[in-house]
Every structure is written in C-alpha cells, then in structure tokens.
Asker: 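The structure follows.
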Amino acid sequence: MGWNLLENPGRLRVQTIDSLCSSLTRQMPLLSRLGRQPSITGTPDELYRDAARRTILMVEEEGRTGDAVRKALRHLDNSVQGLEERLVIMLQKREQWLRHIQRDTGDDDFRRMLEGSVKNLIEDYLKRGRERFPEHLVDDLTASARYAASNLLNEAKGSPITGLAALYKLPDVVADYLPIWQGIAELLLTKVGEWRKPGGINKKSGFPADKTDEALKNKEMFQALLTTLSDNEPLRAALSVMVTLPVSGYEEEEWEILDALLHLLPVAERELIKVFAEEGAVDFQAVSMAALNALGTDDNPTDLMLSLDYRVRHILVDEYQDTSRTQLNLMKAITRGWEAGDGRTLFIVGDPMQSIYLFREAVVGLFIDARNEGINNIRLHPLTLSSNFRSQQRIIEWVNEAFQDAFPETEDSLTGAITYSPFEPVHPPLDCTAVDIRLFRERDDAGEAGGIAEIVKGVNRDNESVAILVRSRPHLGEIIKALKRGGIEFRSEEIDPLIDRPVIHDLFSLLRSMLHPCDRVAWLAILRAPWCGLTLSDMHKLCLGDRETPVRTLMNDDERIKTLSEDGQIRLSTITEKLRKALESNGRVSPGRLLEGLWIELGGPACVDDSAMKDADAFFDMLDSVSTGGEAGSQGSLEARIESLYATPSGRDGKQVEIMTIHKAKGLEFDHVILPGLGKTTRGRDKKLLLWMERGKHLLLAPIGSRGGKTESAIYRYMDGVDALKEDLERTRLFYVAATRARKRLYLFGEVKETEKGGITASSGSVLASIQHILRPEMLIESTGGDIESDKSDKVILRLKRLSSAWESPEPAGPVQVGITGPDIPSISAEPEFNWAGEGIKHLGTVVHGYLCRIVREGLTEWNAEKINSKVFTILLCPRGLSLLTE
C-alpha cells in the first residue's frame, strides 16, 4: 500500500483487545454503563463470592427472586455452599452466558425456541447419518435389524435394538424417529462408539449361536455388512453422536429449575455490578461487555461506532485462534458497515492447532467459521503456511508422525475438531537424538525430577536455552526440589508458590493473631516462630490444663509465667510487650504497615535470608492491596490471596533454566524442551449450574441435575459430553504446542501401564494418551528414585531455629553526611524554616495565581495599574475568608 512502515511505524496502532475495550469505554462512559474508568482487579474471586452470597441471602424474600433462590437450593439438596460455589463459577464466565438469557419473549415462547434448537440439533445429525449410509446396503441393514430385534424382544426388552422389529427402510430424518436411529447405532457400534467386530457378534447383539440355516445366513449377512462399513469413518462418527443425542423437549421439573436459573443468574450479575461500584474495581469481562455497549447495536449505532467506521480502514488480528465470542462480537461491531470492494481490509493470522484457551471461551470453531464463512460481509481468502523455521528436521518429522493420527480426521466447529496440517522443515537435522521419551511403570515424581536434573546438568547453558514446561503448577513440586538440590539455577514466573514458605506461614500467623485474639493456633504459632522460639516444654507449661482461655491471656498470667524456664520467661516477656504496643494501634494503622513494623521490631528480618525477605515484601504488598479503612478483610479472602503469591523470578539472565506452564510458553522457543508429568490425568470437571451452547443461530440451554448433578437430564448430559470432548481435543493441541517449542531436542516424561500382552497403555485423559500409537515398551526405564547426588546415610537433625534471647534491634543507621568543599560555598548550619507559611498564605497564593491567569487571558490592555490597585484590598482580605474570587 506504499505506507513505508519500516520508516513510519507510527502509522500502525498496535494494542491488545483488552486495551481497545478500555479505550472505547473511556470515550463513552455513559453509554458503556461503566461510568468513570474504574480500576481493574486481577483477583476478582472475592467480589464474585460476595455477589453470590448476597444473591443467596434473598432466599427469605417474597416474589419471584426469593422463589428462584429456594428452588435452586432445593435442587442442590439445600447446599448453600454448593449453590455459592456454582454461582461464583457462573459469574466468572458471565460474558459467555449473559447474552443468552437476556430475552424479551415470554417463558412459553422462549421454551419453544429452546426446544426447537434441540430438535434442529437432532435432525442435523440424523441427516448426516442418512447421507453417509450407502444405499446399496440398506436392505442388508434392515434385514439384520429385524432379525436381531426379534431375538431380543424377549431377552433384552430394554435394548434400543428391539425398536427395529418393523424396520424396512431407513427412517426419515425427523426428531421423533431418533429412538429408531439410536437402535441402528446400537446394532452397529460397540459401547465405546467403534464398529462392532464381525467375529464378536453374539446373542447379546441379537445373533445367538444357532446352527439353523436361517441363523447362519443372517449372521453371515450381518458380518459382511460390518466388514463393508468398517472403513466408513464419517458414518461411524455420525452414529456415535446419535447415541448421545437428547430428546427434543424438557421435562416439567427440568424446565422449572431452568426457568428459576434464568431469573436468578441475572440477579447475581446485578449484585456483582453493585459490588463493583462499592469497591471501585471491575474485572476484564466488565470492560469487554461495556465496550460493546459503547458501540451500540446494528439498528442504533453510537457516534463512537460511526467514528470508528469512518477512521478504521484496515484491521490485522493476530492469534485469532484464541478469540472468544465476546471479542468476535466486538470485531463484528467494528466492521458492521464494511462491504466487499470498499477499500477496507481484514487480515487474520492464527493457527487452529494452537487453540488452547477454551477456559476463556476461545473455541477453535470460531476460527473454522471465519475461514469458511467470513465475518459479517467480509469473505476471507485462506492461506496455509507449511514451512517450519524453528525446529530441526528430526523434531519436525517426529511431530508430523505423532500428531498426524492424534488430531481428528474431520473438522467440526461445534466440538472444535481440527485436522492436522503437516509441516516441512527448513533447518537440516542435527547429529543427536531429537526426541527422547522416558516412560515409568507407575507414577514416580522423584524419578522424573532426578532424570530432569541429570539432563539439565548435561546441557551447556552458556550457549543453549533450556525450558521445563508443565500443564499445571502442582506438577513441579519434586522438580524444583531436585533443581535446588543440584544447585541448578532456574527462573520461574507464577510457578513457585509462597504459601508453603516458612516466612509466609509465620507472617500469616502473626496477622491472624492480631485480627483474632482468640485464634489459639495462630498465637501458639507465633510463640514458636523464630523471633520468639519458645521450646515445646515451655509452651506446654504455659497452656497446661487450660484449653479454653485465650493464649494472649495466659501470656499475662504471672503464676504460669513463673513455671517457664528462665530463657522462656525472657522470650515471652519480650514478645508480650511488643505485641501489646502493636495491638494498641490495631485498627488505627493500616494492617500492612502495622504488621511490617511489628515483624521488624520482633526481629523477623534477622531470621531470614535475602530470598525470604523478597517473599515477605510480596506478603506486605498483598496485604496493602486488600486492606481498606484499617481492615484487612476476611480470613478466607486473605488465604485466597496468599495462595496466589509466587516467588519472584531468580537466576542470571541467559543461563538459568526457564520453568513455566505450557500456556505461558506459547509463542516462545528453546533449544531444549522438557515435558514432565505427561502420564498424569486431570481432576474431575466442575458441574456448572447452567450449560449453554451456540450452533449458528440456535441456542441450547440445560440446567444442572438435581442433588448437585447426580440426576442429569438428557440435554445436560449431551452438552456436558460435548464439553468433555472439547477438552479432550484441546489437550492434544496443548501437547502439540508444548512439543513444537523445541529447536534442537525434546524430552518427554510420563507413566504408563503394562498390559497382559506385554504392551503399554497411557491412562485415558492423560496427555500421553493422544500419542498412544507411537508408544513402545522399549521406552520404559527404571526409576532412579530421584537420589541424584544425595547421601542416604546422612541423617537429618531437626533443630529449632530462633533468635538469641538477648537479641536486640540494631540501632538505625545515621544520616548520610555529604561534605561540601570549596572556597566560595558558604556553610549551611540549619535547614530553612517555613513556619510563616500558614493556611492564610496558602489561600493568598491561590487567589494571586487566579488573578495572574485572568491578566494573561484578558491582556494588559484590560488590566492597567489603576485596575490592579483596586483589587489589592480584595486580595488581601481573601486569606481571612472575607472575600472570594468571584469575578
């Protein structure tokens, strides 16, 4: 376009979507409904919880809201905590569901619309199955179906196959015929959705071991049918989905709770808005939704929208595979008036195989839809890149081999299924093992950690980079210990949690003791902390025979104090006096400043090293950020914030091992990449109060089953299964992203199980399961136990680390003396004093400044000497409150 961007980079406006949303809300504070720009909190969970609790407290109200809360509680077996947790989860994702439940239609119309969406879903999949079934095999199928049904009518009355007794042709693609299609799927597929093996049919599937001519003929015909269909993967996929499809309507009980939730969730969202207003802080979702409000609607665009339509001519969106529906709606709003050939361009860059932010509603289906259908009136011309400029040839070859079969064979925008696109290497192969796979027979975190430490020690980190990438932080416990034990420097961001650090434990106990005088555990903990260091014997004597009296009271009991050792009496007396002084200021000084001052006075800094000092500083900063009006907030909120604290990055730049999650590593590259814990499975998925799903213009909604999800409806079960499939597909993509970070070598660690036939298998739900087809028994290794360079004969001797009872705070350093020399520089003996500058002079300066501004603005022609003299009296009276600058 002749922009000469290298010479004029200022012509580009580069910003994140979050930054764009913030700028839009600042320009339209009223229409965005956000008002003045609030601060954005990075830890909004406590705000969500507050809103959830306020919503539940409406349980005693009359009217529809109170009824909705009571119905929700009864549905969850009257579990207040269960409802609160699920409301928090829903508020975290409210930008995803709020647009679906804000409706203008009545309840009956809305129900018909939702049931129509379920019916459309059913018929869509029935149509796929009908189109993919070979016509020349229909007669064989119907004959086999009638024979199998006749044999099962008496023996397996509950089998869906029995509904095929009168089948002479394929049923129509109508939702009412779903049970017949499910019977066909039951006949042809196993319980796991695979084609039945011809040699595996038996009386349970309707083909008893009968030797009559008719039985043998029907069995042979069905076996031939299965053999012919075994390569028809599109048909198998369509039939396997049919089995999971729900009925097209809601049960009355199901609709009743759905209707209650559709009323309750917007109430919770409104309560959250109130909480945001009280706190003066919002989350990122609030800003995103406010930005959409600032642009208006298709029928009623705002001036800001019209201005953007005029000014914005070209848009480039990077990492489009991570775009959420809210962000897509923002993009659609900005490009509403764009037409083909009007000179405006939309350029989208992304790799659907790297879509790994499903928890942010970044579904890869949006990428597929944009590529196939475009955005608004803009058609996109896809261009697929194939050259890989990052990794050496052997890594590229392994990735192609491993993931070609790991990715689905067909694409589906609903589930996020994306096919694999192989890469062509640019860099030649290196003379080394490109991919090193080490498998254990059972979970062995210590063995993995030892092997990783050994690998890292063998790398020349002066010239080559090393990264350890994990799915989640808990996988790193033993690895961090092994690196520290081996003296290996590492750098981590939000990886090494502080909650288990001794200094954080001690500080939190000290804070709890100040906030809650009766917290017995906290008071005993601070007596044991290194700045006091009472022995267990002295602590036992102090509390002997009394489990009810607060420890603080016992610390002032002279009779009990006399039973302590002489050293214990000195220590107890010292900490008691310092705590007394601090508690007198409790509530009048900010908790952060008070706690830090008390900790320093007790000698806390003398008990820790430089690293622990940084941890303590992080704790004090956190406490300052949550404190308001001299209060530190609830203990639950403090614990949640402490759990979010992580050690600051350490190590020398360029030489340390990088430790991070796979999500953090996206877009980066390293010479050596180590992937541990690939055999571990994830924890169970949380049940949401409400599931929602968009299929083009159709919407699916389903409420959680009663008693916390134990009795799920067919619609909820289907949608939950789709969500589970989305997560399985994303797990494969996450593995792909991690493996493609390596330039020279890739190391994989994980555990598998040995089969009876001598093979190995990865646990379902693990990362390794996606590359099961390339795992071999020869990849198994014996565990080293993680004892790299450790002496098992050394016995650990536990000693109480504490300050001496005679320890005193050092005197603060004196002021820095700066000498001034030179023959012409007069000595300054004292600081100048400004006691004369009282409040009157302050106001006088304000008035004089105001008149000077007027003189400059109106010009000297308006302000001659006579006029200035006439104002002197007014100016001089102003500091005494006798006049105001009103002219």
Side-chain angles (χ1 to χ4, degrees), residues 189-200 230-231 233 236-237 240 243-244 353 356 397-409 415 417 420 433-452 469-472 474-475 478-479 662 673-685 721 723-740 746-786:
L189 303 180
T190 64
K191 290 183 178 181
V192 294
E194 299 296 333
W195 291 115
R196 289 189 184 276
K197 301 296 183 182
S230 61
D231 293 332
E233 176 58 23
R236 186 208 63 79
S240 64
V243 178
T244 66
M353 295 191 297
I356 57 174
E397 292 172 347
W398 182 88
V399 169
N400 284 338
E401 177 190 1
F403 290 99
Q404 183 73 56
D405 294 332
F407 278 68
E409 294 184 7
T415 61
Y420 182 78
T433 302
V435 181
D436 186 352
I437 303 177
R438 305 185 186 187
L439 304 178
F440 295 88
R441 290 179 172 82
E442 58 184 12
R443 179 169 176 174
D444 188 357
D445 293 347
E448 278 193 5
I452 290 171
L469 310 181
V470 293
R471 290 176 63 190
S472 61
H475 293 177
E478 289 294 331
I479 296 174
I662 298 175
V673 170
I674 304 172
L675 306 180
L678 299 181
K680 298 176 182 177
T681 57
T682 56
R683 64 180 181 85
R685 299 164 55 247
D723 283 348
L725 178 57
K726 288 180 180 180
E727 292 181 5
D728 288 342
L729 294 172
E730 185 178 79
R731 184 164 50 246
T732 299
R733 297 195 296 269
L734 189 69
F735 188 14
Y736 166 81
V737 168
T740 53
L746 175 65
Y747 304 86
L748 310 180
F749 286 82
E751 69 267 14
V752 293
K753 297 177 182 178
E754 292 185 276
T755 64
E756 295 180 356
K757 297 182 179 180
I760 58 174
T761 179
S763 298
S764 175
S766 68
V767 172
L768 280 178
S770 59
I771 59 168
Q772 175 69 52
H773 56 284
I774 67 169
L775 300 182
R776 302 289 182 266
E778 52 266 26
M779 297 175 181
L780 289 168
I781 64 171
E782 298 298 328
S783 171
T784 62

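Values below: every heavy atom of this structure, side chains too, minus hydrogens, waters and symmetry copies.
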Asker: Listed by chain and number, what are the side chain to side chain contact (heavy atoms under 4.5 Å, CB included) partners of Leu439, not counting sequence neighbours?
Answerer: Ile437, Val752, Ile760, Leu768, Leu775, Met779, Leu780
Asker: Whether the side chain of Gln772 engages the backbone of Ala762 through a donor-acceptor N/O pair (distance < 3.5 Å, no angle test) should be reported.
Answerer: yes
Asker: Of all the heavy-atom pairs spanning Val673 and Ala738, show the shortest one and how long it is.
Answerer: CG1-O, 3.9 Å
Asker: Closest heavy-atom contact between Lys753 and Ser763?
Answerer: CE-OG, 4.0 Å
Asker: Within the structure provided, determine whether Thr681 and Ser764 are in side-chain contact (heavy-atom separation under 4.5 Å).
Answerer: no
Asker: Could you report the tightest heavy-atom contact between Pro777 and Gly759, atom names first, then the distance?
Answerer: CG-CA, 4.3 Å
Asker: Do Asp405 and Tyr420 meet the criterion of a side-chain donor-acceptor pair at a distance under 3.5 Å?
Answerer: no
Asker: Quick one: do Phe749 and Leu675 satisfy side chain to side chain contact (heavy atoms under 4.5 Å, CB included)? Show the steps, please.
Answerer: CA-CA 6 Å; Phe749 286 82; Leu675 306 180; over 6 Å; no
Asker: Have a look at Tyr736 and tell me which of Ile356, Val399, Ile662, Ile771 forms a side chain to side chain contact (heavy atoms under 4.5 Å, CB included) with it.
Answerer: Val399
Asker: Taking only residues two or more places apart in sequence, or in another chain, which ones meet Asp723 in a salt bridge (charged side-chain N to carboxylate O under 4.0 Å, His left out)?
Answerer: none
Asker: Over all heavy atoms of both residues, which pair between Trp195 and Thr190 is shortest? Give the atoms and the distance, please.
Answerer: O-CG2, 4.0 Å
Asker: Are Arg441 and Glu782 close enough for a salt bridge, meaning some N to O gap below 4.0 Å?
Answerer: yes
Asker: Would you name the heavy atoms of Ser240 and Leu189 that are closest together and state the gap between them?
Answerer: N-CD1, 3.6 Å
Asker: Does Glu233, at its CD atom, have more than 12 non-hydrogen atoms belonging to other residues, nucleotides or ligands within less than 6.0 Å?
Answerer: yes
Asker: Of all residues at least two apart in sequence or in a different chain, which pass the salt bridge (charged side-chain N to carboxylate O under 4.0 Å, His left out) check with Glu194?
Answerer: none
Asker: Might you work through the side chain to side chain contact (heavy atoms under 4.5 Å, CB included) test for Glu751 and Asp444, ending with a clear yes or no?
Answerer: CA-CA 8 Å; Glu751 69 267 14; Asp444 188 357; over 6 Å; no
Asker: For the atom pair CG (Leu678) and CG (Leu748), what is the distance rounded to the nearest 0.5 Å?
Answerer: 5.5 Å
Asker: Is the backbone of Gly193 close enough, under 3.5 Å, to the side chain of Arg236 for a donor and an acceptor to pair up by distance?
Answerer: yes
Asker: Find the distance between CZ (Phe403) and CZ (Arg733) and round it off to the nearest 0.5 Å.
Answerer: 12.0 Å
Asker: Is Asp445 paired with Lys680 through a side-chain N to carboxylate O contact shorter than 4.0 Å?
Answerer: yes
Asker: How far apart are the closest heavy atoms of Ser766 and Gly679, and which atoms are they?
Answerer: CB-O, 3.5 Å
Asker: Please indicate whether Glu409 has more than 12 foreign heavy atoms, meaning atoms of other residues, nucleotides or ligands, lying under 6.0 Å from its CD.
Answerer: no
